[in-house]
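Data first, discussion second: the structure below is written as structure tokens.
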Amino acid sequence: MTIRKIDIFRTGLRTFFIQSLWNYESLLAYGIAFSILPILIKLYSKRDIIRKGREYLSYFNSQPYLAAFILGMLIKLEEDAVENSINNNSKISSVKASYMGPLAAMGDSFFWWCLKPATLIITIFLVMYFNDFSNALFLLSFFLIFFNAFHLYYRFGSISFGYKYGEDGLKFFQKFNMNLFQKVMFQITFFLLGISITMLVLKFPFPKLVENIEIFKHIEFQIFYGISVIFLFFIYKLKRSPLLLILTTLIIIFIFSFLKEKNLVFLRIN
Amino acid sequence: MIFKVLLAGLISGLFQLDQTGAFQFMLSRSIISSTILGWVLGSIIGQPELGLRYGFLFGIFFDLIWLFRLPIGASTPPDYQIGSSVAISSLILGISFFNPKFIYIYVFICLVMGFVSGYIGAWFDVIIRRLNINISRMSRYYWNKGKFLKFKSLMLLGLFNSFVKAFLITIVFLFLILILNPILNFIFENIPGFIVEGFAIVIFFIPALGLIVVINHIIKESTWKVLGLGIVTGAIIFSYLKDFHVFGFLIILFFCIIIWVNVLKKEKV
């Protein structure tokens with residue numbers, strides 16, 4: 001019984017549910033077993049699949065997108081085992097154990113620490129810059145398309161490479177220079193963050209949400225706002241607590257209200 | 001009203017599925033889920049643009065403030081999707097109960113409610129992960145019996161738990177705000193007028209807080225320069241080119257390309 005491309009694709013689709021039964025005991029193991037089950041049903045008898053449970057239902061943790069690469073290798077191992085009539089149980093455990101850690105580190109740093117924040121910042125910048133909410137949903141789709149282009153490329157590309165080349169399939173991760181991409185994205189993200197902060201102070205992108213926006217366009221308010229943002233930055237640097245940030249904002253609101261009420265010289269915005 | 005609350009809970013629950021249980025297409029990110037939820041609920045009350053704008057505003061806040069609290073391994077970060085869904089639903093569905101002059105205080109209250117619900121979501125996550133241990137043991141039992149259809153069905157039960165979590169938390173908070181609105185109204189009426197007016201600046205701070213958190217988390221010595229370049233470029237663009245959207249955008253794009261080339265050059269060296 002040979003594995004066809006459509007079987008690999010189906011397994012790839014099943015990896016979308018890899019975290020459905022995430023738990024503290026076995027983490028992603030049940031997701032892996034769920035994904036590979038149709039392949040096992042194709043290759044083995046019911047009794048053999050039950051025996052395979054020991055390998056597939058034991059602890060497994062990795063990055064959910066790149067775990068597909070390990071799945072590809074496991075499919076290849078299973079196919080070879082059936083063709084050559086050998087017992088591959090120890091090999092399955094060793095492949096899982098040796099690849100899950102490095103792939104988790106690679107995936108976490110690329111997807112969660114670089115791509116997600118960078119794409120978010122770029123999208124937020126675009127919506128704020130064009131400031132036209134009739135296009136907001138269209139601009140938000142940029143985020144989904146850009147992120148998922150990488151997501152789907154790695155999910156389906158890695159399962160197919162893992163199956164085709166086995167352990168040599170790691171060259172798939174050299175096809176695209178993740179490291180260089182991360183460096184570029186990091187720099188561009190910071191550049192756009194700088195522009196976004198300036199935009200908030202000098203050209204507030206949500207004018208329709210504030211009544212009498214004109215009074216907030218005075219230079220006195222912009223200075224007050226700018227100083228407050230810098231102050232909040234250092235408050236957060238001091239103790240990384242979002243709650244403290246919200247409480248400090250509340251205090252700033254009270255200070256602003258009193259300054260405005262007293263109509264102080266440096267805050268003539270009435 | 002009950003229909004609207006249930007609809008908000010349903011949409012929140014569906015977005016929650018994307019967060020960890022299935023797909024992970026990032027539809028659950030706050031800027032997406034909260035904007036869409038705000039737009040849908042806003043359309044129902046006849047103010048789609050209001051929903052869209054506030055949805056996006058809350059989306060920025062909740063997405064960025066917990067962006068680097070990652071669910072890696074056993075850690076359970078606050079639930080940004082539930083937080084933003086609760087905040088935007090409470091605002092859109094509760095707005096009609098308050099005098100329009102109190103809107104900014106109410107925005108702040110909704111923000112705090114969303115913040116609290118995010119932590120409650122994380123607490124429920126721990127419970128669900130423990131519950132999943134029992135479900136996985138049942139799954140193993142069925143695997144060992146060779147009943148693979150039941151094994152697959154139990155995977156869906158894990159998804160159902162995630163849905164129920166977001167659905168319940170969202171509707172509980174929405175009912176809470178609807179029940180508490182007379183008390184909130186009474187409190188708002190007794191706040192001095194100048195403070196009520198002063199709350200308008202909360203709109204300015206919501207996106208700024210998110211950006212502050214992000215910069216704080218990822219700033220490095222090497223990136224201060226680029227951040228400074230962004231601030232200076234922004235200052236020039238927004239001071240002199242107020243109406244030149246496309247021209248300003250082209251300048252920004254030009255700088256992005258220079259940054260890119262610069263990184264490539266450094267790599268080659």
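Sequence lines set the chain letters: A, B, ... in the order given, protein chains first and strands last, and positions in each chain run from 1.
Both the backbone and the side chain of A/L21 come within contact range of chain B, judged by heavy atoms closer than 4.5 Å. With a threshold of 4.5 angstrom between heavy atoms, A/L126 approaches chain B through side-chain atoms but not through N, CA, C or O. Of the two parts of A/A29, neither the backbone nor the side chain holds a non-hydrogen atom closer than 4.5 Å to a non-hydrogen atom of chain B. For chain A, the nearby part of B/I259 is the side chain; its heavy atoms alone come within less than 4.5 Å. Contact annotation for B/Y142: neither backbone nor side-chain heavy atoms come within less than 4.5 Å of a heavy atom of chain A. Heavy atoms closer than 4.5 Å to chain A are found in the side chain of B/F56, but not in its backbone. Using a 4.5 Å cut-off between heavy atoms, A/F147 contacts chain B through its side chain alone, with no backbone atom that close. Of the atoms belonging to B/L156, not a single heavy atom falls under 4.5 Å from chain A. Contacts between B/Y104 and chain A at a heavy-atom distance below 4.5 Å involve the side chain alone, from C-beta outward. For B/K145, the part sitting under 4.5 Å from any heavy atom of chain A is the backbone (N, CA, C, O) and nothing else. Both the backbone and the side chain of B/T20 come within contact range of chain A, judged by heavy atoms closer than 4.5 Å. Contacts of B/I218 with chain A are made by both backbone and side-chain atoms, with heavy-atom separations under 4.5 Å. At a 4.5 Å heavy-atom cutoff, A/L247 makes no contact with chain B through either its backbone or its side chain. Of the two parts of B/L229, the backbone and the side chain both hold a non-hydrogen atom closer than 4.5 Å to a non-hydrogen atom of chain A. There is no contact between A/R51 and chain B, counting heavy-atom distances below 4.5 Å. Contact of B/T76 with chain A is made through the side chain alone, with heavy-atom distances under 4.5 Å. Looking at B/V232, neither its backbone nor its side chain comes within 4.5 Å of chain A, counting heavy atoms on both sides.
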List the steps, then state whether side chain to side chain contact (heavy atoms under 4.5 Å, CB included) holds for A/I246 with B/F61. CA-CA 11 Å; A/I246 291 175; B/F61 177 80; 3.9 Å; yes
Between A/V229 and B/F204, does the side chain to side chain contact (heavy atoms under 4.5 Å, CB included) criterion hold? Intermediate values first, please. CA-CA 10 Å; A/V229 168; B/F204 290 85; over 6 Å; no
Dump the intermediate steps for side chain to side chain contact (heavy atoms under 4.5 Å, CB included) on A/L152 and B/F25, then the final yes or no. CA-CA 9 Å; A/L152 295 174; B/F25 283 137; 3.8 Å; yes
**Request:** Show your working on side chain to side chain contact (heavy atoms under 4.5 Å, CB included) between A/K260 and B/F194 and close with a plain yes or no.
**Result:** CA-CA 8 Å; A/K260 188 170 163 286; B/F194 69 94; over 6 Å; no
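Between A/F233 and B/W224, the angle of the ring planes goes over 60°, which puts this pair in the perpendicular group of the 30/60° scheme. Between A/Y225 and B/F205, the two ring planes are perpendicular [angle over 60°; tilted spans 30° to 60°]. Between A/F254 and B/F199, the ring-plane angle classifies as perpendicular under the 30° and 60° cut-offs.
Annotation: maximal heavy-atom pairing with chain A below 4.5 Å, among B/W39, B/W66, B/F115, occurs at B/F115. Between chain A and the options B/L111, B/L159, B/I133, heavy-atom pairs under 4.5 Å are most frequent for B/I133. When A/D108, A/N61, A/L27 are compared by the number of non-hydrogen pairs under 4.5 Å with chain B, A/D108 comes out ahead. Ranked by non-hydrogen atom pairs under 4.5 Å with chain A, the options B/N262, B/L67, B/V214, B/I195 are led by B/I195. Options B/I219, B/V196, B/L27, B/V107 differ in how many heavy-atom pairs under 4.5 Å they form with chain A, and the most are formed by B/I219. In terms of heavy-atom pairs under 4.5 Å with chain A, the best-connected choice from B/V226, B/L157, B/L264 is B/V226. Chosen from B/G59, B/A200, B/S139, B/G228, the residue pairing most often with chain A at heavy-atom distances under 4.5 Å is B/S139.
Two residues are said to be in side-chain contact when any heavy atoms from C-beta on lie closer than 4.5 Å; B/R137 and A/E25 meet this criterion. With contacts defined as side-chain heavy-atom distances shorter than 4.5 Å, the pair B/R29/A/K116 qualifies. The shortest side-chain heavy-atom distance between B/I203 and A/F204 falls under the 4.5 Å cut-off. Counting only heavy atoms from C-beta outward, the side chains of B/I201 and A/I253 approach each other to under 4.5 Å. Counting heavy atoms from C-beta outward, A/L200 and B/P207 have side chains that approach closer than 4.5 Å. Here the side chains of A/F191 and B/I252 are in contact, with some heavy-atom distance below 4.5 Å.
Judged purely by atom type and a 3.5 angstrom limit, A/R240 uses its side chain to pair as donor or acceptor with the backbone of B/N216. Remark: side-chain polar atoms of A/N23 are not paired, donor with acceptor, to backbone N or O of B/R129 under 3.5 angstrom. One N or O on the side chain of A/S20 and one on the backbone of B/G21 form a donor-acceptor pair closer than 3.5 Å. Checked by atom type and distance alone, the side chain of A/Y30 pairs as donor or acceptor with a backbone atom of B/S136 at under 3.5 Å. Listed for the A/Y129 side chain is a donor-acceptor partner under 3.5 Å among the backbone atoms of B/F249. For B/W143 (side chain) and A/A33 (main-chain N/O), no donor-acceptor pair under 3.5 Å exists by modelled atom type.
Looking at B/L64, B/I215, B/D63 one by one, the single match for side chain to side chain contact (heavy atoms under 4.5 Å, CB included) with A/I121 turns out to be B/L64.
Among all heavy-atom pairs drawn from B/F23 and A/R155, the shortest one is O-NH2, 3.6 Å. Smallest separation of non-hydrogen atoms from A/F256 and B/G198: CD2-O, 3.7 Å. The shortest non-hydrogen separation linking A/L192 to B/C256 is CD2-SG, 4.3 Å. Of all non-hydrogen atoms in A/L202 and B/S239, the two that sit nearest each other are CD1-OG, 3.9 Å. Shown here for A/N148 and B/Q24, the closest heavy-atom pair between the two residues is OD1-O, 4.2 Å. For A/K46 against B/F148, the heavy-atom pair with the smallest separation is CG-CE1, 4.0 Å.
For A/Y236 and B/H217, the ring centers are positioned less than 6.0 Å apart.
If you take CZ on A/F125 and CG on B/L211, they are separated by 12.0 Å, rounding to the nearest 0.5 Å. Atom CG of B/L154 and atom CZ of A/F34 lie 11.0 Å apart (nearest 0.5 Å). Rounding to the nearest 0.5 angstrom, the gap separating the OG1 atom in A/T249 from the CG atom in B/L209 is 4.0 Å. Atom CG of residue A/L57 and atom CZ of residue B/R140 lie 5.0 Å apart, to the nearest 0.5 angstrom. Atom CG of B/L57 sits about 5.0 Å away from atom CZ of A/F206, to the nearest 0.5 Å.
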